[in-house]
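Numbered from 1 within each chain, the chains take letters A, B, ... in sequence-line order.
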Protein chains: 2
Amino acid sequence: MPSSIPRPGAPVRGSASGKPIMALFDLLGRSWALGVIWQLSNGPMTFRQLQESCESVSPTVLNNRLKELRETGVVARGDGGYALTPTGRELFVLLEPFGAWSIRWAERFPGNEPSA
Amino acid sequence: MPSSIPRPGAPVRGSASGKPIMALFDLLGRSWALGVIWQLSNGPMTFRQLQESCESVSPTVLNNRLKELRETGVVARGDGGYALTPTGRELFVLLEPFGAWSIRWAERFPGNEPSA
DNA sequence: TCCTGTTGCTACTTTTTGTGTAGCATATTA
DNA sequence: TAATATGCTACACAAAAAGTAGCAACAGGA
């Protein structure tokens with residue numbers, strides 16, 4: 001059984017009253033949710049393509065994440081497979097800076113020398 | 001046993017070679033990771049305060065998340081309990097816009113009327 | 001029409017995570 | 001000394017994810 005889909009206004013992890021930010025964190029804080037959005041930012045992908053580009057995601061989980069992301073208006077199916085909706089693209093705009101940030105984070109990672 | 005801590009450069013979910021963005025998504029895509037960072041943005045909190053403000057988080061998980069966030073340089077312990085490091089505050093700066101966005105998302109949520 | 005390949009899944013078993021509750025050891029304050 | 005807070009650890013249980021198999025629907029092509 002898929003876990004319940006986080007909806008703002010309904011109880012979610014972190015908020016019995018469903019504060020939107022907590023509903024969003026519940027949605028995004030599930031395995032592969034962020035990864036799927038990241039992959040789809042490059043354009044529509046089929047289920048199988050997503051499976052390949054997200055190494056080691058199981059079809060069960062991928063299907064659950066896609067269901068959740070569709071029901072929350074972030075992803076939709078169309079030509080060429082799954083794609084971000086306008087809402088999803090908005091979300092990606094917020095997510096995009098994490099790419100560059102993660103690289104700087106990696107460089108100064110505790111125990112890493114800044115790679116010469 | 002706590003799950004392994006995602007480190008850029010080491011294999012993580014989504015990337016055998018540990019692409020930084022995938023390591024970051026692995027770190028943040030665990031339950032309560034985003035919520036903890038969000039809570040700590042208001043200032044340092046004790047373990048118990050975090051437990052209370054994150055409704056329904058179990059101490060086991062909270063402790064695991066804090067360990068991971070500390071070892072990845074996002075959170076540290078100091079006066080007044082746990083607090084974001086400068087790195088953690090940087091991360092929060094990227095996260096902050098999600099607050100406002102989530103409210104708009106809630107308003108036009110599939111099945112919600114834009115509240116009059 | 002039969003074969004071959006692709007796609008989007010579902011089913012199932014095993015392993016990993018998270019929940020929920022209890023409670024302990026170490027301060028701190030009265 | 002007792003009461004309180006703090007930062008946990010230890011379970012027993014439940015939920016989620018991994019890993020693998022395979023099926024139904026469709027699209028060519030021979």
Side-chain angles (χ1 to χ4, degrees), chain A residues 1-7 10-16 22-23 25-37 39-40 43-72 75-83, chain B residues 1-7 10-16 22-23 25-37 39-40 43-72 75-83:
Chain A
M1 205 206 313
S3 57
S4 71
I5 290 156
R7 295 172 179 276
V12 293
R13 287 189 307 196
S15 170
M22 287 300 159
F25 284 171
D26 192 4
L27 179 69
L28 299 181
R30 298 180 178 198
S31 76
W32 290 106
L34 291 166
V36 165
I37 294 171
Q39 291 296 342
L40 289 181
M45 297 180 87
T46 66
F47 191 92
R48 300 260 169 160
Q49 287 174 321
L50 273 171
Q51 269 190 292
E52 281 159 38
S53 63
C54 299
E55 312 165 31
S56 86
V57 67
S58 70
T60 319
V61 169
L62 181 55
N63 193 32
N64 285 341
R65 282 310 88 80
L66 287 170
K67 251 179 220 161
E68 292 155 12
L69 292 170
R70 276 195 282 171
E71 295 202 26
T72 52
V75 160
R77 279 186 72 177
D79 293 357
Y82 290 96
Chain B
M1 206 204 318
S3 57
S4 70
I5 290 155
R7 295 171 178 275
V12 293
R13 288 189 306 197
S15 170
M22 287 300 160
F25 284 170
D26 192 4
L27 179 70
L28 299 180
R30 297 179 179 200
S31 75
W32 291 106
L34 291 166
V36 165
I37 295 171
Q39 290 296 341
L40 289 182
M45 298 180 86
T46 66
F47 190 94
R48 299 260 171 160
Q49 287 174 321
L50 273 171
Q51 270 189 291
E52 281 159 39
S53 64
C54 299
E55 310 165 31
S56 86
V57 67
S58 69
T60 319
V61 167
L62 180 55
N63 193 31
N64 285 342
R65 282 308 88 81
L66 287 170
K67 252 180 220 161
E68 292 155 11
L69 292 171
R70 276 195 283 170
E71 296 202 26
T72 52
V75 160
R77 279 186 71 178
D79 294 358
Y82 291 95

Using whole Å, what does the distance between atom [atom2] of nucleotide [N] and atom [atom1] of [X] come to?
| X | N | atom1 | atom2 | value |
| --- | --- | --- | --- | --- |
| A:Met45 | C:dC9 | CE | C1' | 17 Å |
| A:Asn63 | D:dA21 | CG | C1' | 16 Å |
| A:Glu55 | D:dA17 | CD | C1' | 17 Å |
| A:Leu62 | D:dT20 | CG | C1' | 16 Å |
| A:Tyr82 | C:dG8 | OH | P | 7 Å |
| B:Gln49 | D:dA5 | CD | P | 12 Å |
| A:Phe47 | D:dA25 | CZ | P | 18 Å |

Write down the protein N/O and nucleotide N/O pairs, taken from nucleotides 18-26 of chain C, whose separation is under 3.5 Å; answer none if there are no such pairs.
{"from": "C:dG18", "atom 1": "OP1", "to": "B:Ser31", "atom 2": "N", "distance (Å)": "3.3"}
{"from": "C:dG18", "atom 1": "OP1", "to": "B:Ser31", "atom 2": "OG", "distance (Å)": "3.3"}
{"from": "C:dG18", "atom 1": "OP1", "to": "B:Arg65", "atom 2": "NH1", "distance (Å)": "3.1"}
{"from": "C:dG18", "atom 1": "OP2", "to": "B:Arg65", "atom 2": "NH1", "distance (Å)": "3.2"}
{"from": "C:dG18", "atom 1": "OP2", "to": "B:Arg65", "atom 2": "NH2", "distance (Å)": "2.9"}
{"from": "C:dG20", "atom 1": "O6", "to": "B:Thr60", "atom 2": "OG1", "distance (Å)": "3.2"}

About how many Å separate CE of B:Met45 and CG of B:Leu50, when rounded to the nearest 0.5 Å?
->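 B:Leu50 CG to B:Met45 CE: 5.0 Å, rounded to 0.5 Å.
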Starting at CG of B:Asp26, measure out to CD1 of B:Ile5 and round the result to the nearest 0.5 Å.
->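 Going from the CG atom of B:Asp26 to the CD1 atom of B:Ile5 covers 11.0 Å.
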Going by side chain to side chain contact (heavy atoms under 4.5 Å, CB included), name the residues that satisfy it together with [X], two or more places apart in sequence or in a different chain.
| X | result |
| --- | --- |
| A:Pro59 | A:Phe47, A:Gln51 |
| B:Arg7 | A:Phe109, B:Ala10, B:Glu71 |
| A:Ala33 | A:Arg65 |

Contacts of B:Arg70 that satisfy side chain to side chain donor-acceptor pair (under 3.5 Å) - sequence neighbours left out |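 For B:Arg70 there are no side chain to side chain donor-acceptor pair (under 3.5 Å) partners, ignoring immediate neighbours.
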Looking at A:Arg77, does any N or O in its side chain come under 4.0 Å of the phosphate oxygens OP1/OP2 on C:dC9?
->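 Answer yes for this pair, as a side-chain N or O of A:Arg77 is under 4.0 Å from OP1 or OP2.
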